[in-house]
Visitor: 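Sharing a structure here in structure tokens format.
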Amino acid sequence: TLLSGNTSNPFSNHTLLNGTVSYCSPELTYLRTCVQIRFSPSDQLSIQLNQNLSKMPFLSIANGTFADVFNNKVLGIPWNGAFPLTMLLPDNIGPQVTSFTIDMNTGLMEMIFDDIVDSSTFNPTGSQGLTLQGGANLATSLAYTLTSGTKT
């Protein structure tokens, strides 16, 4: 479980539901004290949406979550003794549009991104504007730059 805030009174948490586990360096047996957990897409999204968890999480572990080679179960870390984050590599890759649709009956355009976006940062005009064009090459196709709009 990832926790945020004061470990004696966390104000948000997320229990990992899925994911995959591997050794940090599988070819080096002496480094098998390190495991990597790749979040499932749903876990990653839940953590990203919770700014408290995505900035400074703590970790609690239930008894027996892992075991050693002799099947000795790992000692758990309760939420009131949660382990602080050692290192955080922040999300520094900008989102990209993966698809979009336009409903000409309602005048509604939907854009799908590969990451979470903050809709309050959208400016439909100016240097951050959107241009619809009639082909992949802007130089040889008709184009229309949106001059206004509202986000929903």
Side-chain angles (χ1 to χ4, degrees), residues 1-133 136 146 148-152:
T1 301
L2 295 177
L3 308 161
S4 69
N6 183 327
T7 57
S8 63
N9 186 18
F11 49 82
S12 59
N13 67 68
H14 177 76
T15 299
L16 300 177
L17 302 174
N18 292 300
T20 57
V21 178
S22 61
Y23 289 113
C24 298
S25 296
E27 65 281 352
L28 301 174
T29 57
Y30 66 90
L31 288 179
R32 293 205 174 169
T33 58
C34 175
V35 293
Q36 297 173 330
I37 299 174
R38 180 167 305 281
F39 297 141
S40 68
S42 63
D43 282 333
Q44 185 171 355
L45 180 61
S46 294
I47 294 165
Q48 286 176 319
L49 287 172
N50 185 324
Q51 290 189 7
N52 295 318
L53 291 177
S54 64
K55 290 184 180 172
M56 192 57 175
F58 290 77
L59 177 68
S60 70
I61 301 173
N63 284 327
T65 302
F66 288 97
D68 68 13
V69 294
F70 300 108
N71 206 30
N72 296 312
K73 306 297 184 204
V74 71
L75 298 176
I77 303 171
W79 68 267
N80 60 352
F83 197 79
L85 178 72
T86 305
M87 180 175 65
L88 174 68
L89 298 175
D91 179 356
N92 60 4
I93 300 172
Q96 293 184 328
V97 175
T98 59
S99 65
F100 75 101
T101 61
I102 297 176
D103 184 334
M104 295 305 289
N105 294 310
T106 62
L108 182 66
M109 178 170 68
E110 291 183 352
M111 294 183 291
I112 306 298
F113 294 87
D114 65 353
D115 199 353
I116 298 167
V117 295
D118 180 355
S119 66
S120 70
T121 62
F122 175 63
N123 178 0
T125 62
S127 63
Q128 298 175 355
L130 296 172
T131 299
L132 298 177
Q133 59 192 58
L146 300 180
S148 64
T150 57
K151 54 186 179 279
T152 57

Visitor: Nearest 0.5 angstrom please: Leu49 CG to Gln44 CD, how far?
Guide: 10.5 Å
Visitor: Do you know the tightest heavy-atom contact between Gly64 and Lys73?
Guide: CA-CB, 3.7 Å
Visitor: Which atoms form the tightest heavy-atom contact between Phe58 and Pro84, and what is the distance?
Guide: CD2-CA, 3.4 Å
Visitor: Out of curiosity, Ile37 CD1 to Asp43 CG, how far, rounded to the nearest 0.5 Å?
Guide: 10.0 Å
Visitor: Can you give me the closest heavy-atom contact between Thr65 and Ile61, atom names plus distance?
Guide: OG1-CG2, 3.3 Å
Visitor: Might you point out which heavy atoms bring Gln48 and Asp115 nearest each other, and give the distance in Å?
Guide: NE2-OD1, 3.5 Å
Visitor: What is the distance from atom CG of Leu108 to atom CD1 of Ile102, rounded to the nearest 0.5 Å?
Guide: 9.5 Å
Visitor: Could you report the tightest heavy-atom contact between Met109 and Phe100, atom names first, then the distance?
Guide: SD-CD1, 3.9 Å
Visitor: Can you see which heavy atom on Ala82 is nearest to which on Ile77, and at what distance?
Guide: CA-CG2, 3.8 Å
